[in-house]
Protein chains: 2
Amino acid sequence: MGRPRTPLIDRDRIATAALRLVDERGEFSVPEIARELGVRAASLYHHVEGRDAIVELVRERVCEAIDASMFGTLPWDAAVAAWARSYRAAFAAHPRAIPLLMAAPVRAPRVLGQYEAAVGVLLDAGFALRDVMRVIIALENLILGSALDLAAPETMWEPADATATPLLARALAARPEGRTDAAFELTLAACLDRFRALLAETTGAGSPDPAPPGRQAS
Amino acid sequence: MGRPRTPLIDRDRIATAALRLVDERGEFSVPEIARELGVRAASLYHHVEGRDAIVELVRERVCEAIDASMFGTLPWDAAVAAWARSYRAAFAAHPRAIPLLMAAPVRAPRVLGQYEAAVGVLLDAGFALRDVMRVIIALENLILGSALDLAAPETMWEPADATATPLLARALAARPEGRTDAAFELTLAACLDRFRALLAETTGAGSPDPAPPGRQAS
DNA sequence: ACCTGAACACCGTTCAAGT
DNA sequence: ACCTGAACACCGTTCAAGT
């Protein structure tokens with residue numbers, strides 16, 4: 001066949017096909033994507049560096065929906081809360097992507113940029129450098145766990161014999177339908193309280209480090 | 001070769017080999033396990049039902065270290081806290097197994113049995129059936145997230161170009177070495193406070209459901 | 001009952017050959 | 001530059017053949 005006059009595929013179409021496969025089946029393979037695009041598997045390697053790069057394209061697609069514009073405009077705690085809600089909504093829209101994305105380290109530049117902004121806001125607010133990742137990771141745990149809980153609970157437990165675990169079976173059956181926002185908000189509020197206390201300790205009680213807080217500290 | 005006088009392999013040895021591979025490489029394949037055991041891949045299918053069953057063997061191995069004996073002896077909150085600590089320690093010992101196990105639904109009977117005991121304790125304490133899984137899932141998020149954080153942080157972010165995200169790079173570098181126990185304990189305490197408040201609402205304010213709390217409620 | 005080799009339908013990836 | 005077919009080293013799984 002040789003080179004077509006206009007390229008048959010591009011990174012955008014690859015990302016779209018991969019995300020659709022993940023949404024529908026929970027996973028993707030390179031040949032499956034190729035099939036969806038009417039092309040051979042080998043063709044994809046002219047546009048992406050390999051399977052892992054496609055995972056990062058999926059991550060970028062899912063995370064595109066996260067609004068990070070509040071960093072720098074809202075106070076740190078309101079910004080972090082708004083970011084967490086938007087983050088959660090983005091993942092809740094693609095619950096089957098969560099295990100896929102959690103198993104691979106974040107490399108997508110645009111997503112790393114969001115974490116960069118979050119780190120900046122927390123440093124500016126006065127958090128100690130050593131506490132920043134802990135705060136972010138705590139939020140991430142809440143967000144991803146809650147997104148999984150919200151949209152794909154049945155993927156977490158699968159008793160082959162429900163009679164062996166009757167209480168678990170009843171508890172699973174009794175879970176409210178989709179309304180877990182209240183629980184998320186409660187936990188988020190608890191986390192923010194904890195973060196505020198951590199910040200008060202850092203900025204209030206003098207630290208052994210004489211450098212002032214903020215992102216200019218060396 | 002035909003049947004050996006005494007079986008060359010068994011489920012126990014398969015589980016051991018699989019867990020060692022996961023600990024060392026982060027994943028396993030059926031042929032790799034077979035190679036470790038000096039046997040052909042096809043032989044494994046005489047002992048396990050397939051790859052997914054091996055994942056469940058790994059889950060059982062990791063979770064064997066979880067102490068669930070406090071259910072039924074300690075008050076619910078102390079029991080849940082002790083369970084969470086033991087659970088976290090078990091996963092922290094095999095951090096690379098966490099993504100593998102989170103991607104597959106829990107089917108291992110012994111592990112399901114632990115959840116069954118936890119559900120029973122919470123119901124006996126007076127929690128509403130509809131709240132029980134939320135409590136357990138919240139704990140699980142805390143436990144697994146914290147275990148990942150404790151033992152495998154470098155697998156979560158991997159900036160190709162650290163200069164593009166200088167603040168993130170500094171925050172990652174500034175994380176304390178292994179001492180995340182204090183953060184875990186703080187979050188666990190916050191969760192327990194929230195659970196106690198939930199319980200007070202349930203048992204204090206009369207519910208529309210006339211049935212008494214506890215596991216006998218239909 | 002349990003191990004084996006051969007086979008099947010799949011992977012991810014590379015590469016020379018075509019335009 | 002971009003698609004292709006062929007090839008490579010791998011998967012997970014099945015199964016008849018052996019003891």
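A note on names: the letters A, B, ... follow the listed sequences, proteins ahead of strands, and every chain is numbered from 1. For clarity, every value in this text was computed on a predicted model and none was experimentally measured.
The interatomic distance linking B:Glu27 (CD) with D:dC11 (P) rounds to 9 Å, in whole Å. Straight-line distance from the CG atom of B:Leu44 to the C1' atom of D:dT13: 11 Å, rounded to whole Å. A straight line from CZ of A:Arg25 to P of C:dC10 spans 12 Å, rounded to a whole angstrom. What separates OH of A:Tyr45 from C1' of C:dG12 is a distance of 4 Å, to the nearest Å. Atom pair B:Leu37:CG and C:dC2:P shows a separation of 15 Å (rounding to whole Å applied). Rounded to an integer number of Å, the gap from CG of B:Asp52 to P of D:dC11 is 17 Å. In this structure, B:Phe28 atom CZ and D:dG12 atom P are separated by 8 Å, rounded to whole Å. Whole-Å rounding puts the A:Glu49 CD to C:dT14 P distance at 11 Å.
The nearest heavy atom of DNA chain C to A:His46 and to A:Val30 marks one nucleotide each, and the one closer to the 5' end goes with A:Val30. Residues B:Gly50 and A:Pro4 each lie close to DNA chain D; by heavy-atom proximity, the contact nearer the 5' end of the strand is made by A:Pro4.
One finds no side-chain N or O of B:Ser43 lying less than 4.0 angstrom from the OP1 or OP2 phosphate oxygen of C:dC2. Within the 4.0 Å cut-off from OP1 or OP2 of C:dC11, not a single side-chain nitrogen or oxygen of A:Arg51 is found. For A:His47 and D:dC3, the shortest distance from a side-chain N or O to OP1 or OP2 is below 4.0 Å.
Of the candidates D:dC3, C:dC2, C:dG5, C:dG5 carries the atom nearest the B:Ala42 side chain, counting heavy atoms from C-beta on. Looking at the side chain of A:Arg3, the nearest of the listed nucleotides C:dT14, C:dT19, D:dC3 is C:dT19. If you check D:dT4, D:dC11, C:dC11 against the side chain of A:Val39, the one that comes closest is D:dT4.
C:dA7 is paired with D:dT13 under the criterion used here, namely a Watson-Crick or G-U wobble arrangement in which both key atom distances are under 3.5 Å. Remark: C:dG18 base-pairs with D:dC2; criterion is Watson-Crick or G-U wobble with both hydrogen-bond distances under 3.5 Å.
Between the CG atom in B:Leu44 and the CG atom in B:Leu37 there is a gap of 7.0 Å [rounded to 0.5 Å].
Classified by interplanar angle (parallel below 30°, tilted 30° to 60°, perpendicular above 60°), the ring pair A:Phe195/A:Trp76 is tilted.
B:Glu60 contributes no side-chain N or O that, together with a main-chain N or O of B:Ala108, makes up a donor-acceptor pair within less than 3.5 Å.
Taking the ring axis of A:Phe28 as reference, the NZ or CZ atom of A:Arg51 stays within 45° of it and closer than 6.0 Å to the ring centre. Cation-pi geometry between A:Arg85 and A:Phe184 is not met at under 6.0 angstrom from the ring centre and within 45 degrees of the axis.
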